[in-house]
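A quick write-up on the structure given underneath.
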Amino acid sequence: VSIAIATLSQIHNANANDVQFAIRSGGHSPVSGAANGNGGVTIDMRSMNSINVSSDQSVVAVGAGTIWDQVYEKLDPMNLTVAGARVAGLGVGGFLTGGKAYHPFRYFL
Amino acid sequence: LKGGSNNFGVVTRFDLETIAIGNFLGGVVVYPVSTLATQQAAFMKFMDPSNFDPHAAVIQAYVYDGPAEGVLVSNDMEYTLPNISTPPALSEFLSIQPQYLNTMRQGPQLDFVTEQAEYQPTNARGMFINTVFSPTLEVYQEIFSLWNETIPQVSAVTDLGYNLVFQRIPSTVPGADNSLGLPANSGSLVLLQLSNSWGLATDDALMTGVATQLIADIEKVTKAAGVYNRFQYLNYAAQSQTPLDNYGAASKANLVAVSKKYDPQGVFQTGVPGGFKLSQ
């Protein structure tokens, strides 16, 4: 990702009109251009979907392209959850950078 | 920076604190609109800070289901303590009759998020738009009436999904260490979302126009009643809305300063044009 962004930034800084890109995790946003670059580059995060629970089970490291159902599928058998989305199919990255985390409410946001 | 969306860079990993949980109560109950008054009273009671229960969640939605059924009421509920079937915070919603559908059961989280996904429209055109207010019964009733009056404008639209959705902004959010700009004394807040979908591009202007006008009319009501809150939830915001500005001047200035420091050339301002940008 950093190589891609560095390359895109170089092109952008040489001429701001030469490159446009978008960053996609779950692709759920209906806002134009939020989940893909029309005529530009889409950085599709969906292959960055690792889910690693720490040895003491207090923290889970989740790749930004992970879909929330994958997170719950991994955590449910461990009787753990995280403050995430309430609808399957949503991506981790766009959901969390948008400012919300759902459940349980004590930990919302 | 939470709430800053795609203005700063690309996050590749999130480290999330885990929460211990087993199977818990969740599901959806759907009722006819004849239960309206009881539903509205129950939601106001749920929103009353003196009844606050951090384990209880309700999303109350009003759904236009076509000319035959008309409007349906849906309460999507969870209670995040194990082995409790009728928690006091949800008992009124659970007891309202008649019920057309009731999927309440004990289950794992994956079960409930999968169920929610089944209710989402697929491959349709869609939009969200949202506004926030401090709840009073009069305002809550008036908002439903305003929404209900817009149905004839859209009822002929192909593959229509037309939903008025209310959920609590948890009391832990205001004052939290984030960019959303809600002060600690914000009180009880309801997030109102219009969630609309349709089938044809030729209906884009109609659907967007009706929803935009409706939110403007609702905000007239909440402002007149002194219960309007400027906050807009970015992921439910329409393109015409300004969620970053509405975090407030201090929060916005902080976000702009971070952007200038880490992205001085503005790659993520002009090179990533989708979504909501600090530079606009």
Side-chain angles (χ1 to χ4, degrees), chain A residues 1 5 8-9 12-13 16 19-23 28-37 43 45 48 50 53 57-64 68-69 71-73 75-76 79-89 92-100 102-109, chain B residues 1-6 9-22 54-57 59 76 78 80 108-117 120 125-128 168-173 176 178-180 233-235 237-239 243 265-267 270-276:
Chain A
V1 173
I5 297 299
L8 289 165
S9 297
H12 177 271
N13 293 344
V19 63
Q20 294 204 324
F21 62 106
I23 306 133
H28 191 258
S29 172
V31 173
S32 166
N36 55 61
I43 301 191
M45 302 295 288
M48 298 194 74
S50 62
V53 180
Q57 300 199 342
S58 66
V59 175
V60 56
V62 181
W68 283 106
D69 9 340
V71 180
Y72 300 137
E73 190 172 13
L75 295 181
D76 277 341
N79 285 330
L80 296 173
T81 191
V82 289
R86 56 185 297 127
V87 180
V92 166
F95 182 82
L96 286 181
T97 58
K100 190 171 168 186
Y102 166 67
H103 189 256
F105 273 1
R106 279 178 302 175
Y107 300 94
F108 195 111
L109 300 177
Chain B
L1 297 181
K2 196 179 269 185
S5 194
N6 62 2
V10 182
V11 183
T12 56
R13 195 186 89 192
F14 293 88
D15 290 347
L16 306 172
E17 197 179 323
T18 60
I19 301 160
I21 197 167
H55 300 288
I59 295 186
D76 165 21
E78 283 90 29
T80 58
Q109 183 138 18
L110 180 62
D111 217 39
F112 300 125
V113 300
T114 305
E115 179 186 6
Q116 282 301 316
Q120 310 295 318
R125 311 181 72 79
M127 76 171 291
F128 301 144
R168 180 210 298 278
I169 293 183
S171 59
T172 48
V173 175
N178 59 42
S179 295
L180 306 183
Y233 171 44
L234 183 141
N235 279 346
Q239 255 160 325
Q265 306 264 20
V267 172
T270 55
V272 185
F276 298 97

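Sequence lines set the chain letters: A, B, ... in the order given, protein chains first and strands last, and positions in each chain run from 1.
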Determine whether A:Ile5 and A:Ile43 satisfy the following criterion, side-chain contact (heavy atoms from CB on, under 4.5 Å), listing intermediate values before the conclusion.
CA-CA 9 Å; A:Ile5 297 299; A:Ile43 301 191; 3.4 Å; yes
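- Only the side chain of B:Val10 comes within less than 4.5 Å of a heavy atom of chain A; its backbone N, CA, C and O stay farther away.
- The main-chain N or O of A:Ser58 is found under 3.5 Å from a side-chain atom of B:Thr18 such that the two form a donor-acceptor pair.
- Both the backbone and the side chain of A:Glu73 come within contact range of chain B, each with at least one heavy atom under 4.5 Å from a heavy atom of that chain.
- Of the atoms belonging to B:Gln120, it is side-chain heavy atoms, and not backbone ones, that fall under 4.5 Å from chain A.
- To the nearest 0.5 angstrom, A:Leu96 atom CG is 5.0 Å from B:Phe14 atom CZ.
- Only the side chain of A:Asp76 comes within less than 4.5 Å of a heavy atom of chain B; its backbone N, CA, C and O stay farther away.
- Side-chain atoms of A:Tyr72 come within 3.5 Å of backbone N or O of A:Ala85 as a donor-acceptor pair.
- Atom CZ in A:Arg86 sits 9.5 Å away from atom CD in B:Gln109 (nearest 0.5 Å).
- Looking only at distances, a side-chain donor or acceptor of A:Asp69 sits under 3.5 Å from a matching main-chain atom of A:Gly89.
- Contact annotation for A:Val1: only side-chain heavy atoms (C-beta onward) come within less than 4.5 Å of a heavy atom of chain B.
- Annotation: maximal heavy-atom pairing with chain A below 4.5 Å, among B:Leu110, B:Leu16, B:Thr270, B:Asp15, occurs at B:Leu16.
- Contacts of A:Leu80 with chain B are made by both backbone and side-chain atoms, with heavy-atom separations under 4.5 Å.
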